Amino acid sequence: MGPLYSVICIMPELPEVETVMRGLQAVLQGRQLRRAQVHRPDLRWPFPVGLASELTGATVSGFRRRAKYILMRLDTGLSVVFHLGMSGRMLIRPTGANDRPAHEHMTLDTVDDITVGFVDPRRFGSVDLIDTQREDTHRLLAGLGIEPLDDAFDASCLANALASKRTPIKAALLDQGIVAGLGNIYVCEALFRSAIAPTRLSSTLSPPEIRRLVSEIKATLIEAIAVGGSSLRDYVQPDGELGYFQHAWKVYGREGERCAGCPGEPGCAGIARIVQSGRSTFYCPHAQR
DNA sequence: CAAGAATCCTGTCAGC
DNA sequence: TGCTGACAGGATTCTT
């Protein structure tokens with residue numbers, strides 16, 4: 001039984017994090033941890049003091065996702081706060097079946113011999129502890145904006161948030177304090193599906209455009225979660241990888257390709273790439289206005 | 001105060 | 001073939 005997998009190198013955004021959380025839930029919920037280990041002092045930040053000892057012997061009671069964070073609740077009243085960063089993944093395998101994979105910085109063994117490893121080559125991820133009752137006051141969670149899949153995220157909510165912004169809509173949607181969980185890929189995709197140019201000033205979007213944008217953000221995320229959920233079935237095995245799944249992006253990474261939104265139209269020169277706030281933006285200048 | 005740039009990190013890939 | 005450099009970007013920190 002060897003690992004594993006081919007890694008698709010995209011970064012985890014809300015749907016990927018949701019998928020990883022569901023995978024962890026399936027494997028860990030209700031199980032007691034026999035041992036927890038960390039294999040280096042830090043990822044993005046130092047591991048919290050006592051992390052391994054706090055986890056050892058605890059039973060995993062539940063999970064929650066907030067933005068791109070995974071909260072793993074323990075029966076001791078503590079929650080583990082995971083962020084996958086750019087390259088974080090969770091590897092599941094039978095305890096003792098394999099050597100520790102490269103870049104596995106934290107390892108959890110359950111009493112029934114399941115091992116979950118947190119792998120993060122670029123080490124942009126993080127792990128922290130907080131009282132479950134105070135999860136939302138954690139410094140990384142306190143400033144987060146609304147969950148885009150929450151019913152409260154609607155056109156008036158987004159309009160309100162955008163009214164005072166003087167940035168391009170692309171930058172506003174990437175701002176985790178406005179809408180929490182979107183990253184570069186899903187912002188590009190949602191703007192394309194909304195036919196809104198990423199360069200538009202946030203405050204200039206019309207009410208119909210904002211309604212469309214809210215709707216497309218939700219649809220884009222829901223579809224991606226569905227893809228992740230179906231890929232998860234393949235991972236419900238004694239060993240497997242949680243973290244990434246394939247998805248057919250309409251614009252992301254498709255510079256120079258034909259635009260799916262205006263096939264054959266003479267005015268369409270295909271997908272363009274520009275840089276906004278130091279990040280690549282992919283869009284169709286013909287279809288997105 | 002807000003917006004943008006710099007920063008952290010390493011696997012991947014284009015180019016020589 | 002093997003090396004070098006550019007590139008990817010989430011979220012904080014720094015600078016303008």
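Just so it is clear, the model here is predicted, and its values are computed rather than measured. Reminder, nothing fancy here: chain letters follow the sequence lines and each chain counts from 1.
Here dC9(B) is the nucleotide among dG9(C), dC9(B), dA11(C) with the atom lying nearest to any side-chain atom of R123(A). Of the candidate nucleotides dT12(C), dT10(B), dG4(B), dT12(C) has the atom lying nearest to any side-chain atom of W45(A). For Q176(A), the listed nucleotide lying nearest its side chain is dA11(C); candidates were dA8(C), dA11(C), dG4(B).
Distances shorter than 4.0 Å separate some side-chain N or O of H83(A) from OP1 or OP2 on dA11(C). Between K165(A) and the phosphate of dA2(B), there is no side-chain N or O to OP1/OP2 separation shorter than 4.0 Å. Listed pair S280(A) / dA8(C) meets the phosphate criterion, a side-chain N or O lying under 4.0 Å from OP1 or OP2. For dG9(C), the OP1/OP2 oxygens have a side-chain nitrogen or oxygen of Y252(A) closer than 4.0 Å.
For D151(A), the CG atom counts as loosely surrounded, since its 6.0 Å shell holds 12 or fewer non-hydrogen atoms of other residues, nucleotides or ligands. In R166(A), the CZ atom is not crowded: 12 or fewer heavy atoms of neighbouring residues, nucleotides or ligands sit closer than 6.0 Å. Surrounding CZ of R258(A) are at most 12 heavy atoms belonging to other residues, nucleotides or ligands under 6.0 Å away.
Place H103(A) and G278(A) on DNA chain B by their nearest nucleotides, and G278(A) ends up nearer the 5' end. Along DNA chain B, the nucleotide nearest P168(A) and the nucleotide nearest P121(A) are compared for position; the residue whose nucleotide lies closer to the 5' end is P168(A).
D120(A) is not listed as a side-chain neighbour of R89(A), based on a closest heavy-atom distance of 4.5 Å or more. Here the side chains of V17(A) and I70(A) are in contact, with some heavy-atom distance below 4.5 Å.
Atoms CD1 (I274(A)) and P (dG9(C)) sit 13 Å apart, rounded to a whole Å. The separation between D120(A) atom CG and dA11(C) atom P is 13 Å, rounded to whole Å. M86(A) places its CE atom 7 Å from the P atom of dG9(C), with the value rounded to the nearest Å. Distance L14(A) CG to dG10(C) C1': 14 Å, rounded to the nearest Å. Going from atom CG of L141(A) over to atom P of dT12(C) covers 10 Å, rounded to whole Å. One can place CZ of F282(A) at 11 Å from C1' of dC7(C), the figure rounded to the nearest angstrom. In this structure, the CZ atom of R44(A) is 16 Å from the P atom of dG9(C), given to the nearest Å. Straight-line distance from the CG atom of D175(A) to the C1' atom of dT13(C): 15 Å, rounded to whole Å.
Side chain R279(A) to base dG10(C): a donor-acceptor pair is found below 3.5 Å. In terms of polar N and O atoms assigned as donor or acceptor, the side chain of R166(A) never comes within less than 3.5 Å of the base of dA2(B) in a complementary pairing.
With centroids closer than 5.5 Å and planes inclined by less than 30 degrees as the test, F124(A) and the base of dG10(C) pass as a stacked pair.
Residue R273(A) is classed as a sugar-phosphate contact, given heavy-atom separations below 4.0 Å to backbone atoms only.
With ring centers used as reference points, F192(A) lies 6.0 Å or more from Y283(A).
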